[in-house]
Enquirer: 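Handing you this structure, nothing more for now.
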Amino acid sequence: MISTQMLNKEQQEGVFTTEGPVLILAGAGSGKTRVLTNRTAYLIEEKGVDPFHILAITFTNKAAAEMKSRIEELVGFGGDAVWVSTFHSCCVRILRRYVDRLGFDTTFTIYDSDDQKALMKDICKRLEIDTKIYKEKMFLNVISSAKNELMDPNDFRLQAGGDYKQLKIATVYAEYQKALLKNNAMDFDDLIMKTVELLSVDAEVREAYQERFRYVMVDEYQDTNTAQFMLIKLLAGKYNNLCVVGDDDQSIYKFRGANIQNILSFESVYPNAKVIKLEQNYRSTKTILKAANEVIANNKGRKSKALWTEREEGAKVAFEQFENAQEEAYFIANDIRKRVAGGEAGYSDFAVLYRTNAQSRLLEERFVASNIPYKLVGGVNFYARKEIKDLLAYLKTIDNGRDDLAVTRVLNVPKRGIGLTTQSRVAEYAYTHDISFYDALKQAKEIPGIGKAATKIAPFVELIEHCRGMLWSEEPLAVLKYLIEETGYVAELEAEGTEEAKARIENIDELISKLADYEQTSDDPSLNGFLEEVALVADIDSYDENSDYVVLMTLHGAKGLEFPNVYMSGMEDGIFPSYMCITSDDRDDLEEERRLCYVGITRAKDRLTMTAARARMLRGETQYNAVSRFVKELPEEVLSGYIKKHATEDMPREDTYRKAKQAFKTKAFGTQPSMQTYAARKAEGITLDYGVGDRVRHIKFGVGTVTQIVEGGRDYEVTVDFDTFGTKKMFAMFAKLQKV
DNA sequence: GTTAGAAACAATCCT
DNA sequence: TGTTTCTAAC
């Protein structure tokens, strides 16, 4: 049911303009998801469009799931037939059906960035490239950008001209694609590019999808790259009922190939496009919106728009600067604790945002120590963890024997006494006979110079074959369990007994329940399907706004979300804006960073707090950073806690910047930067809730017994005999020991 | 072939 | 600081 009275005039226009190309410029918090869902409902219920003919594309599974459930709520019957998916899963779905027409097997595996790197390493070795001069990552970056621009190895070679380095990259690119094809694998960029290729080359497939997708909608359009643009253009190519929603001020994925021209020149590509602007914000207070507007106004070359709200003024934006990052973390944790205790809000009403994942560690430690429930989004992806990747590699080997990477990963895990020499002999044999690594293993006895290693290989092959046999009659879950049992993977970890090993076992248990869950919820469960789902999950997908925890994540991760209380931490020049973009000579980089700041500010509904530290430890070195220039761009009247005169106007410029920093460094070291924590200065010393003989837990060393406590000034030196790490001496304030 | 300890090295953000 | 790669000894 569509309730138009709930929509403002512009939103209604977005809902009712269903025919032809439409560009909706939707400012932050202007209710774009509401427009998209209502539009879909309108198409189905009022215009009688079969849900089968509607496609909606988002960037994350979480956004897709959310949109899907909201559509189903609105239309009741048939809503689940709408194809709502991410770019990547949409492409996979098409490719799984037709990619054999491009010479791939439809059971292809998807490589993540670790896999890409491993493959690239092999290639560099084979081509005898000195990876000290040309780094693997450089090749991968260039290749990725090329793919985002739909350039295949040939195109790349052509544009290289006579440039030596470019030609070298072209060779590597070609070799890389060859290896992927041989392994029957694709990387993330391939998923899009191959689909575009398929649709361009194969008229039959193209017409089938064009006929199907009579209405196409794209969310977060500002983040699309050239390949994705082409994909959309092709899919919507027959009926051209294409509705894209985006905000150029929130374009923050240039590094991933996002092409801001897609949104800026939409009207020239589709001259008859209808443009609708959503400028009323329903999320933030006037103060927060003013802060956001002022900051983003410093950018040039954007579609002008001004967000406004009917909401109240609200609290000022708080700014706090601390001596170091520890104090900063302490303040944030304490502030949240106080507000929750005061009944002002629940934990889930808070989000702490930062620029880099590395900043999460201190916050996390502090939250653990303060017993604040939190959820860390991002960092090391669950599926990128060693133990998970190992088990997945087994499953991949079982599923697709052509994936050499997966096979080599687990061939000697657990240790089977198959070393590097044997491995390279097999690889060589496979290469010269033009067969897969796994097939070579099957004929291990024939391989010259392998000797007794063949007897070590046989059980591995048997294991894989047995599992393949199992799949005929049993669910993938049974295979995984059998695998864990047979390889002794968990048993080995249990024997280790460390905290780390325990965490790994927990992860494995989680993998088991994920697979079980998949088998329950999927209508046609298969090993291949599970591996695909796993390859495409993003960190953000695991975030659940209904659980009562504080969320910790990067500013990038926060896009599309909203919270009553937001902390933007690490507001320092060199951190945010990042060192990389300050030193870059491309002015656009700073603008992108500013957009990121805009995204961060507009996440907050009621209260926004910015924090900074004077000194921060970065890669083992203490850095002294000035307050972020973005803080200085905030209008004075929205700020509290920060007196502008401290933000000296005489901030040295780029060239003198380093010198000044150096001077500050030496001075600071001379006077011994204060080692006291914020807690100590605020509370005049600390009290311990444990004594000699008590059992305590340390975040890293695990559980141990306190053997000695020595008082020293405001702190205590505590000696703990840890169960697994031996005896350590530490200061109570830093150790954050917890009584158990 | 395996392992532990030393040395080198690293520069965001993500599907 | 934390992780990956190298080296030497078992």
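This one's a predicted model, so the numbers in the text were calculated from it and none came from an experiment. The chains referred to below are lettered A, B, ... by the order of the sequence lines, with proteins before strands, and numbering in each begins at 1.
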Enquirer: Looking at every heavy atom in both A/Glu593 and A/Ser578, which two are closest together, and how far apart are they?
Expert: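 Closest heavy-atom pair between A/Glu593 and A/Ser578: OE2-N, 2.9 Å.
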Enquirer: Across the strands shown, which category fits A/Phe576 at heavy-atom distances under 4.0 angstrom: base, sugar-phosphate, nothing?
Expert: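 Answer is nothing: A/Phe576 stays at 4.0 Å or more from every strand.
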Enquirer: Hey, does the Lys NZ or Arg CZ of A/Arg96 hover above the aromatic six-ring of A/Phe108, less than 6.0 Å from the centre and inside 45° of the axis?
Expert: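 The answer is yes; both the distance and angle limits are met.
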Enquirer: Could you check whether A/Phe87 gets within reach of a base, just the sugar-phosphate, or nothing at all, counting any heavy atom under 4.0 Å?
Expert: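 If one applies the 4.0 Å heavy-atom cut-off, A/Phe87 turns out to touch nothing in the nucleic acid.
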Enquirer: Would you indicate which nucleotide in B/dT15, B/dC13, B/dC9 comes nearest to any side-chain atom of A/Phe188?
Expert: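 The nucleotide sitting nearest to the side chain is B/dT15.
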Enquirer: Can you tell me how far C1' of B/dA10 sits from OH of A/Tyr579, to the nearest Å?
Expert: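 It is 13 Å, rounded to the nearest whole Å.
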Enquirer: Tell me: OH of A/Tyr383 to P of B/dC14, nearest whole Å?
Expert: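 That distance rounds to 18 Å.
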Enquirer: Are side-chain N/O atoms of A/Asp541 and A/Asn61 paired as donor and acceptor at under 3.5 Å?
Expert: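 Yes - a donor-acceptor pair under 3.5 Å links their side chains.
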Enquirer: Quick check: are there more than 12 heavy atoms from other residues, nucleotides or ligands sitting under 6.0 Å from NZ of A/Lys117?
Expert: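 Open: at most 12 neighbouring heavy atoms sit under 6.0 Å from NZ of A/Lys117.
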Enquirer: Measure from CG on A/Asp589 to C1' on B/dT12 and round the result to the nearest Å.
Expert: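 Atom CG in A/Asp589 sits about 11 Å away from atom C1' in B/dT12.
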Enquirer: With sugar-phosphate meaning primed atoms plus P, OP1 and OP2, does A/Lys121 contact a base, only sugar-phosphate, or nothing at under 4.0 Å between heavy atoms?
Expert: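 Result for A/Lys121 = sugar-phosphate.
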Enquirer: For A/Glu621 and B/dC9, what is the distance between atoms CD and P respectively, to the nearest whole Å?
Expert: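 One finds 16 Å between P of B/dC9 and CD of A/Glu621, rounded.
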Enquirer: It should be established whether A/Thr554 places a side-chain nitrogen or oxygen under 4.0 Å from OP1 or OP2 of nucleotide B/dC14.
Expert: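 For B/dC14, OP1/OP2 do have a side-chain N/O of A/Thr554 under 4.0 Å.
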Enquirer: By the 4.0 Å heavy-atom rule, please label A/Thr356 as base, sugar-phosphate, or nothing.
Expert: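 If one applies the 4.0 Å heavy-atom cut-off, A/Thr356 turns out to touch the sugar-phosphate alone, with no base involved.
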Enquirer: How would you label the contact of A/Lys117 with the nucleic acid (heavy atoms, under 4.0 Å): base, sugar-phosphate, or nothing?
Expert: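 Since no nucleic acid heavy atom lies under 4.0 Å of A/Lys117, the category is nothing.
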Enquirer: Do we get A/Arg256 above A/Tyr253's six-membered ring, with its NZ or CZ under 6.0 Å from the centre and within 45° of the axis?
Expert: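 Yes, A/Arg256 and A/Tyr253 form such a contact.
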Enquirer: Taking the six-membered ring of A/Phe188, is NZ or CZ of A/Lys147 closer than 6.0 Å to its centre and within 45° of its axis?
Expert: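 No, A/Lys147 does not sit over the ring of A/Phe188.
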Enquirer: Closest to the A/His88 side chain: C/dT1, B/dC9, B/dT15?
Expert: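 Closest of the options to the side chain of A/His88: B/dT15.
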Enquirer: Starting at atom NZ of A/Lys137, determine the distance to atom C1' of B/dT12, rounded to an integer number of angstrom.
Expert: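 Whole-Å distance recorded here is 9 Å.
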Enquirer: Pick base, sugar-phosphate or nothing for A/Gly419, based on heavy-atom distances below 4.0 Å to the nucleic acid.
Expert: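 Sugar-phosphate, no base atom in range.
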Enquirer: Taking the side chain of A/Asn412 as heavy atoms from C-beta outward, which of B/dT2, B/dC13, B/dA10 is closest to it?
Expert: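 In terms of side-chain proximity for A/Asn412, the closest of B/dT2, B/dC13, B/dA10 is B/dT2.
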Enquirer: When you compare the ring of A/Phe255 with the six-membered ring of B/dC13's base, are the centres less than 5.5 Å apart and the planes under 30° from each other?
Expert: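 It does: the two rings, one from A/Phe255 and one from B/dC13, meet the stacking criterion.
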Enquirer: In whole angstrom, give the distance that lies between atom CD1 of A/Ile575 and atom P of B/dC13.
Expert: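 To the nearest whole Å, that distance equals 11 Å.
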Enquirer: Check whether the side chain of A/Arg256 and the base of B/dT15 form a donor-acceptor pair under 3.5 Å.
Expert: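 Absent.
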Enquirer: Check the distance between B/dT12's C1' and A/Gln623's CD and give it to me in whole angstrom.
Expert: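 It works out to 13 Å between those atoms.
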Enquirer: Using a 4.0 Å heavy-atom cut-off, does A/Thr422 contact any base of the nucleic acid, only the sugar-phosphate backbone, or nothing at all?
Expert: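 The answer is sugar-phosphate, as A/Thr422 gets under 4.0 Å only of primed atoms, P, OP1 or OP2.
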Enquirer: Do A/Phe87 and A/Thr224 come within less than 4.5 Å of each other through their side chains, counting heavy atoms only?
Expert: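 Side chain of A/Phe87 against side chain of A/Thr224, heavy atoms only: contact under 4.5 Å found.
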Enquirer: Can you tell me the distance, in whole Å, between the CG atom of A/Leu420 and the C1' atom of C/dT7?
Expert: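 Rounded to the whole Å, the gap is 15 Å.
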Enquirer: Work out how far the C1' atom of C/dC6 is from that of B/dA11, and round it to whole angstrom.
Expert: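 Comparing C1' positions in C/dC6 and B/dA11 gives a spacing of 23 Å.
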Enquirer: Can you check the distance between B/dT12 and C/dT5, where both ends of the measurement are the P atom (answer in whole Å)?
Expert: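 Those two atoms are separated by 16 Å.
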Enquirer: Between A/Asn381 and A/Leu618, just flag the one whose closest nucleotide in DNA chain B comes earlier from the 5' side.
Expert: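 Checking each residue's closest nucleotide, the 5'-ward one belongs to A/Leu618.
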Enquirer: State which of B/dT12, B/dC13, B/dT2 makes the closest approach to the side chain of A/Lys415.
Expert: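 Taking heavy atoms from C-beta onward, the closest nucleotide is B/dT2.
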Enquirer: Quick one: is B/dA8 close enough that its OP1 or OP2 comes under 4.0 Å of any side-chain N or O from A/Lys132?
Expert: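 False: A/Lys132 side-chain N/O out of range (4.0 Å or more) of B/dA8 OP1/OP2.
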Enquirer: Between C/dG2, B/dT15, B/dC13, spot the one nearest the side chain of A/Arg361, thanks.
Expert: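 So the nucleotide nearest the side chain must be C/dG2.
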Enquirer: Starting from the 5' end of DNA chain B, give me the residue, A/Thr86 or A/Thr421, whose nearest nucleotide shows up first.
Expert: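 So the residue in question is A/Thr421.
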Enquirer: What's A/Lys135 touching, base or sugar-phosphate or nothing? Going by heavy atoms closer than 4.0 Å.
Expert: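 The answer is sugar-phosphate, as A/Lys135 gets under 4.0 Å only of primed atoms, P, OP1 or OP2.
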Enquirer: Which part of the nucleic acid does A/Asn357 contact within heavy-atom distance under 4.0 Å: base, sugar-phosphate only, or nothing?
Expert: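 Touches sugar-phosphate only.
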